[in-house]
Amino acid sequence: MKALLIILFPLIFVSLASSNLVNAVQQKSSNPIVENPCSSYRVWVLRPILDRFVKVNSSEELKVQVNAMAETIKDLQSQINCKGEQLVEKTKEIKDQRGKVNVLAANIKHLRSELVTAKAEIKNKDKQIQFNFEKISEITEELLECKPKGFCPSEGPSGIYNITMRGIDTFGIPCNSKGWLTIQKRFDGSENFDRPWKDYKDGFGNTTGEFFIGLEKMHHMTHEQPHELYIALRKIDGSTSYAHYKDFKIGSEEESYALKALGTYEGTAGDSLRVHENKKFTTFDRDNDSYKFNCAADEYGGWWYYNCAQSMLNGKYYKEGHSRDNKTNGILWGSWHNNDWTYSLTFVEMMIRPKTL
Ligand SMILES: [Ca+2]
């Protein structure tokens with residue numbers, strides 16, 4: 001028995017001492033290990049103790065201790081693997097976030113580009129608004145001035161309308177409901193048409209009766225914009241006809257108020273004004289015709305004579321519809337009364353209006 005105790009005592013002592021030592025080491029280094037399970041610190045610390053156990057413990061105890069240590073190592077390896085997986089996951093998350101940052105950066109770049117475009121568009125719109133504002137101001141000024149036009153209103157009641165245009169004073173003139181402006185009218189013989197150049201230039205008569213508007217006004221109106229001409233005629237028997245010329249233009253006084261254009265003819269009276277196209281105006285005191293004498297002096301009234309006339313709407317007014325003493329100085333439109341130059345019409349109205357109407 002004594003001999004057995006001698007053998008066991010050292011072993012028990014060594015075992016207890018080893019156990020205490022292990023515990024002491026575990027306690028000493030418990031905090032770092034718990035805080036950082038993935039660390040290899042414990043393995044490093046335990047290695048010499050394990051070596052000691054190999055020398056001092058029995059084979060069974062050593063086996064137990066080694067197994068425990070192996071389990072610990074296995075656990076630590078598992079934790080390292082876990083951390084590795086977490087690291088991979090975090091790396092992937094960082095990569096994703098970088099991708100999102102790149103997308104956001106691209107979006108910001110695109111938005112900046114759109115902002116530049118929008119700023120340019122706003123600048124253009126500002127210019128357009130400024131232009132429109134100036135245009136509206138101009139139109140408003142014109143409307144406020146109530147600037148009259150050099151022709152009749154295209155529609156509205158018939159009556160006397162004021163006409164104002166550059167180069168001539170405002171004047172009142174008859175306009176009908178279809179925009180026609182009367183430039184000459186004969187119907188009762190109350191007005192003398194055998195007048196000098198100045199009267200034909202300025203006009204004469206009464207706009208509510210018989211009158212001639214004046215060559216200067218006719219020139220300005222037809223020079224300002226293209227006009228057409230409509231002539232209404234009536235005989236003593238009450239029959240009527242008309243001649244419609246799609247163009248009508250009178251030259252300046254320097255051009256002797258020539259009949260510069262007539263355009264195409266359309267009507268029922270015949271085209272008796274055609275031969276007077278491009279002829280100058282003649283009065284008894286201003287001979288511009290091709291006749292060896294003065295047509296206006298030999299006949300009656302001013303006209304675009306040549307040698308001398310096929311039409312003569314400023315001729316002498318004969319209430320009975322025929323001249324006296326076989327004179328050929330009446331109101332004539334040859335094609336409508338078979339070139340019977342003793343005939344004389346009892347109603348004439350010459351009218352013009354802008355071609356655009
Ligand atoms: Ca002559």
Side-chain angles (χ1 to χ4, degrees), residues 168 183-186 189 191-205 210-223 227 229 231 233 243 245 247-263 265 267 269-318 321-346 348-350 352:
I168 48 177
I183 58 172
Q184 188 257 35
K185 195 170 185 180
R186 314 288 301 278
E191 191 60 58
N192 173 27
F193 274 68
D194 196 22
R195 288 172 174 268
W197 182 265
K198 187 176 186 312
D199 287 359
Y200 271 99
K201 175 185 173 181
D202 297 337
F204 54 87
E210 293 191 336
F211 72 94
F212 184 79
I213 191 173
L215 293 163
E216 189 66 19
K217 296 185 189 78
M218 288 164 68
H219 162 64
H220 279 282
M221 285 190 287
T222 60
H223 181 74
H227 273 69
L229 171 69
I231 298 170
L233 305 171
Y245 293 92
D247 203 0
F248 183 63
K249 190 171 186 181
I250 301 297
S252 65
E253 186 171 23
E254 289 72 29
E255 297 169 305
S256 299
Y257 299 120
L259 178 55
K260 295 180 78 172
L262 277 178
Y265 159 84
D271 193 7
S272 285
L273 193 57
R274 183 67 55 189
V275 292
H276 296 273
E277 193 173 10
N278 294 315
K279 302 300 184 290
K280 295 176 180 177
F281 204 81
T282 289
T283 56
F284 61 74
D285 62 339
R286 187 74 64 91
D287 184 357
N288 291 314
D289 62 36
S290 55
Y291 181 48
K292 60 181 178 179
F293 303 114
N294 182 323
C295 289
D298 275 17
E299 304 295 345
Y300 183 101
W303 198 245
W304 296 277
Y305 292 108
Y306 62 107
N307 185 22
C308 277
Q310 281 192 14
S311 62
M312 205 171 82
L313 299 182
N314 291 331
K316 186 174 174 65
Y317 193 90
Y318 291 99
H322 281 90
S323 67
R324 298 156 204 157
D325 304 324
N326 286 325
K327 284 189 179 290
T328 57
N329 62 355
I331 300 174
L332 305 172
W333 194 270
S335 54
W336 196 38
H337 43 75
N338 299 317
N339 297 325
D340 176 359
W341 306 116
T342 62
Y343 208 90
S344 187
L345 304 174
T346 53
V348 177
E349 186 170 14
M350 297 175 70
I352 61 171

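Atoms within a ligand are numbered from 1 in the order they appear, just like the ligands themselves. When a residue number appears, it is its place in the shown sequence, counting from 1.
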Any N/O/S atom, backbone or side chain, of Phe293 lying under 3.0 Å from the Ca ion (ligand 1)? yes

min-distance N/O/S atom, Asp289 vs the Ca ion (ligand 1), resolves to OD1

Note to self: Tell me whether Arg274 forms a cation-pi arrangement with Tyr265, defined as NZ or CZ under 6.0 Å from the six-membered ring centre and within 45 degrees of its axis.
What the structure shows: no

- Query: Do you see a donor-acceptor pair shorter than 3.5 Å between the side chains of Ser335 and Gln310?
  - Reply: no

By ring pair (Phe, Tyr, Trp, His ring centres under 6.0 Å), Tyr291 pairs with (sequence neighbours left out) Phe293

Under 3.0 Å from the Ca ion (ligand 1), is there an N/O/S atom belonging to Tyr291?
yes

Between the side chains of Tyr306 and Asn278, does any donor sit under 3.5 Å from an acceptor? no

